[in-house]
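The structure under discussion appears below in the form of structure tokens.
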Amino acid sequence: DKKPSRSVVSVADVSVPPIYPDTANVRAAMARTYDNIAAMDRWVGKKLKELEKDGLLESTIVMFYSDHGVGLPRGKRSCYDTGTRVPLIVRYPDQSRAGETESRVVQFVDLGPTVLSLCGVDPDDRLDGVPFLGKFARKGPGYAYSHADRFDAVYDRQRSISDGRFRYVRNYVTDQPYLIANAYRERIPMTQDLYELRGRDDLPAAQWQMAATTRSAEELYDSQSDPWETSNLIDSSEHAERVAALRLGLDRWMKNTGDLGFVLPESKLVREHIWPPVGEQPMTPKGVVSYAWDNGSSSFLLNLSCSEPGASIGYR
């Protein structure tokens, strides 16, 4: 069994986000989260030491990021900043741009093209992302998009667009609470504390989403003045033009990406969109392996190829 993370913050001293009630379960979950972050930091430090010991640190570009926001309710699996904003730190071997903060909006789909660009490879046009560093870096769309559909055995349908400050959220499922019952989430003790808030009207304004049993069709948040995204500005006349632009941007993205979240049941999705026309998984042509001896020496050149354009070849 794995040992629990070393404690770095006491339950009594932990900071409780305003979107959560201040209960023992919430405090324990927050303390555990900080302990896990500290454990992760130690692990990263160990990996950097290994690179340094092997003489590779000064020839390696290090990119540090997480896979989603905090792994707590209204974090992971939500389209708000708590679920989508992640750290991103890039370290160059020569310490160039050290200490700089980049204000542009970056998405996960940008990471692959960026690594290619850093290696001097012009990313394939079929890739959705935009390289933000390297020889082929270019300006991105200025927006980050997110969507929520299936949560294990339950379904949701939420879409979001953010320009880095303002976030527009569209809920296609409005007759459900914001925290739809989910077996994975309900293993977290604090979830029950959140469920107990439903239907109450005596709570702090920041906890309205936890108490709501239905959803607004649209939401708009200013993460600069409202970092926890709890004050819905969708009906504000001051932001009418911004809402219209974000709506248009989200509609364009859904159209350009061929948003398949509305194709149900999933058997129809597989049959008609992923592997048409009958839902059978296509097979790539077999890879071809050939080799030639290098001018009579004891070494030889091995060649791996596949006739399918864009095929990835793995070997060991």
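The shortest side-chain heavy-atom distance between Glu102 and Arg97 falls under the 4.5 Å cut-off. Side-chain contact between Val154 and Asn182: present, with at least one pair of heavy atoms (C-beta onward) separated by less than 4.5 Å. Residues Tyr145 and Ser160 have side chains not in contact (no heavy-atom distance under 4.5 Å, counting atoms from C-beta outward).
Counting non-hydrogen atoms of neighbouring residues, nucleotides and ligands closer than 6.0 angstrom, the OH atom of Tyr291 reaches no more than 12 such neighbours. By the 6.0 Å contact criterion, NZ on Lys47 is enclosed, its count of non-hydrogen atoms from other residues, nucleotides or ligands being greater than 12. With a 6.0 Å radius and a threshold of 12 heavy atoms from other residues, nucleotides or ligands, His147 has its NE2 atom at or below the threshold. No more than 12 heavy atoms of other residues, nucleotides or ligands lie within 6.0 Å of CG in Asp125, so this atom counts as exposed by the packing criterion.
In summary, the aromatic rings of Tyr20 and Trp228 are positioned with their centroids too far apart to meet the 6.0 Å limit.
Gln158 and Tyr172 are not linked by any side-chain donor-acceptor pair at a separation below 3.5 angstrom, with hydrogens and angles left out of the test. Residues Gln209 and Arg74 have side chains that bring a donor and an acceptor to within less than 3.5 angstrom of each other. For the 3.5 Å distance criterion, the side chains of Glu266 and Tyr155 qualify, holding a donor opposite an acceptor.
With Asn171 contributing its side chain and Ser216 its backbone, the two residues share a donor-acceptor pair below 3.5 Å.
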